[in-house]
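Inspection log for the structure reproduced underneath, given as structure tokens.
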Amino acid sequence: MLLLSRRWLVSGSLGLLLGCRDDEDPPVESECDATGQASGDIALLPPPDKPLNQKTGVGWDARLYYDLSELTPDALVTDNAHFYIRTAYPDLLDDTAPWSIALDGLVEAPRTLSLDDLAALSKPQGVHLLECSGNAAGGAFGLMSAAEWSGAPMSEVLVNVTALPSATRILVSGFDEHSVPSEGGHSTPGASWIFTWDDLKDAFLATHMNGEVLPKDHGFPVRLLVPGWYGCCCIKWVNAIALVDDTALATEQMKEFAARTHQDGTPELARDYLPATLDQSAMPVRVEKWLHDGAIVYRLVGIMWGGYQSTDALTISFDGGASYEPVRCASPSNPRTWTLWSFEWRPPSTGRYLVRMGIDDPTIVTRRLDLGWYDREIAIDEI
Ligand SMILES: Nc1nc2c(c(=O)[nH]1)N[C@H]1C(S)=C(S)[C@@H](COP(=O)(O)O)O[C@H]1N2
Ligand SMILES: [Mo]
């Protein structure tokens with residue numbers, strides 16, 4: 001455990017936004033600011049094998065990997081043009097008919113919801129991060145972004161129907177047909193997920209993103225957003241909500257993403273799925289090289305995201321998890337979105353280092369960090 005008296009530094013520049021943790025010493029204003037002369041960034045390895053900040057592919061295989069190395073304290077909300085894309089606006093979607101959402105299944109009287117019904121319930125929902133459960137090094141982990149959303153709370157949408165006594169779960173479905181199949185059958189038609197009432201207590205049907213009408217690729221006119229759950233649950237182009245019972249089978253989407261959402265195998269029944277939530281995670285997104293009084297200093301800048309409570313117990317390992325040291329310059333984590341940290345590093349020798357982040361608190365679950373999911377390598381050829 002860390003034995004730190006944690007105080008938060010307030011400084012005029014980056015230190016203010018990053019926050020600085022200190023132990024015994026009095027706060028030093030510039031402790032978390034980079035000092036000296038910037039001499040460029042060095043690469044995090046492996047390098048991506050996909051283009052960043054550029055939309056590629058069609059249908060289910062359409063992608064836009066957001067370049068996370070651009071993150072700065074004043075750009076922690078991703079603009080709509082850069083927000084990551086996984087699956088483009090379906091070319092088979094008929095956008096001439098007025099949108100409606102069927103509300104049926106185990107209800108007393110099925111009905112449909114119009115966009116006007118949703119607009120009447122819509123309210124600002126704040127900033128939420130979305131991450132694709134398949135986020136990986138090939139796309140420089142760029143299938144992750146944060147936006148400010150507004151939409152209709154699911155709890156209020158569901159007030160529109162009376163559930164039958166057997167109804168225990170909610171199936172949310174979206175349009176999911178494209179004329180071009182996914183390469184190698186990687187993605188299959190059908191986008192739907194089954195939730196409990198409790199799973200959806202903070203969820204909403206989003207109609208706006210960063211103050212604009214939802215862009216087409218992000219689910220226009222309406223998508224589900226389940227705060228803290230992986231992107232695969234955040235169904236786009238939502239067209240049906242049905243109440244189901246405990247015998248409901250898992251959807252194709254739930255099975256397709258079972259491994260990536262850390263399920264135990266591929267259960268047949270929806271009720272046997274764990275919540276597809278994001279544990280506390282962290283990784284570096286940029287390595288800056290600085291010259292300070294004639295010496296080379298590397299400065300790692302990274303993000304911390306996910307989790308179910310705020311923590312400031314971030315640690316860093318340069319030997320793949322064998323030993324960790326505290327990251328003092330970090331804002332406390334926020335379960336809803338990412339926060340930034342930085343770490344000034346003087347490597348003892350040249351060579352390759354395997355960077356893994358940790359959380360020095362045994363009560364905090366970190367499945368992906370423990371798996372090495374977000375491990376990055378740094379090759380140091382000058383010290
Ligand atoms: N209808 C539909 N909804 C979908 C998908 C899809 O293929 N079809 N992909 C899901 C996945 S895997 C992710 S990660 C998110 C991506 O949302 P974004 O493209 O707006 O970032 O949408 C989810 N919703
Ligand atoms: Mo995803």
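Owing to the predicted nature of the structure, the values given are computational and were not obtained by experimental measurement. We're numbering straight along the sequence, starting at 1. First listed ligand is number 1; within each ligand, the first listed atom is number 1.
A disulfide is assigned to Cys32 and Cys329, since their SG atoms are nearer than 2.5 Å.
Annotation for ligand 1: atoms under 4.0 Å from non-hydrogen atoms of Ala191 are 1 (N), 2 (C), 3 (N), 8 (N). Each of the following atoms of ligand 1 lies closer than 4.0 Å to a heavy atom of Ile235: 3 (N), 24 (N). Residue-ligand proximity, Thr87 to ligand 1, at heavy-atom distances under 4.0 Å covers atoms 6 (C), 7 (O), 9 (N). Applying the 4.0 Å criterion to heavy atoms of His218 picks out, from ligand 1, the atoms 18 (P), 19 (O), 20 (O), 21 (O).
Residue contact annotation: Tyr230 has no non-hydrogen atom under 4.0 Å from ligand 1.
By the 4.5 Å heavy-atom criterion applied to side chains, Phe204 and Ser122 are not counted as neighbours.
Under 4.0 Å from ligand 1, the heavy atoms of Trp237 that appear belong solely to its side chain. Of the heavy atoms in Ser187, none comes closer than 4.0 Å to ligand 1. Under 4.0 Å from ligand 1, not a single heavy atom of Glu131 appears.
Side-chain contact of Ser187 with Arg86: a donor-acceptor pair under 3.5 Å is present, judged by distance alone.
The pair Glu156-Lys123 meets the salt-bridge criterion, with a side-chain N (NZ, NE, NH1 or NH2) lying under 4.0 Å from an Asp/Glu carboxylate O.
Atom CD of Glu183 sits in a sparse spot, with 12 or fewer heavy atoms from other residues, nucleotides or ligands closer than 6.0 Å.
From the protein, the heavy atom lying nearest to atom 1 (N) of ligand 1 is Phe175 O, 2.9 Å.
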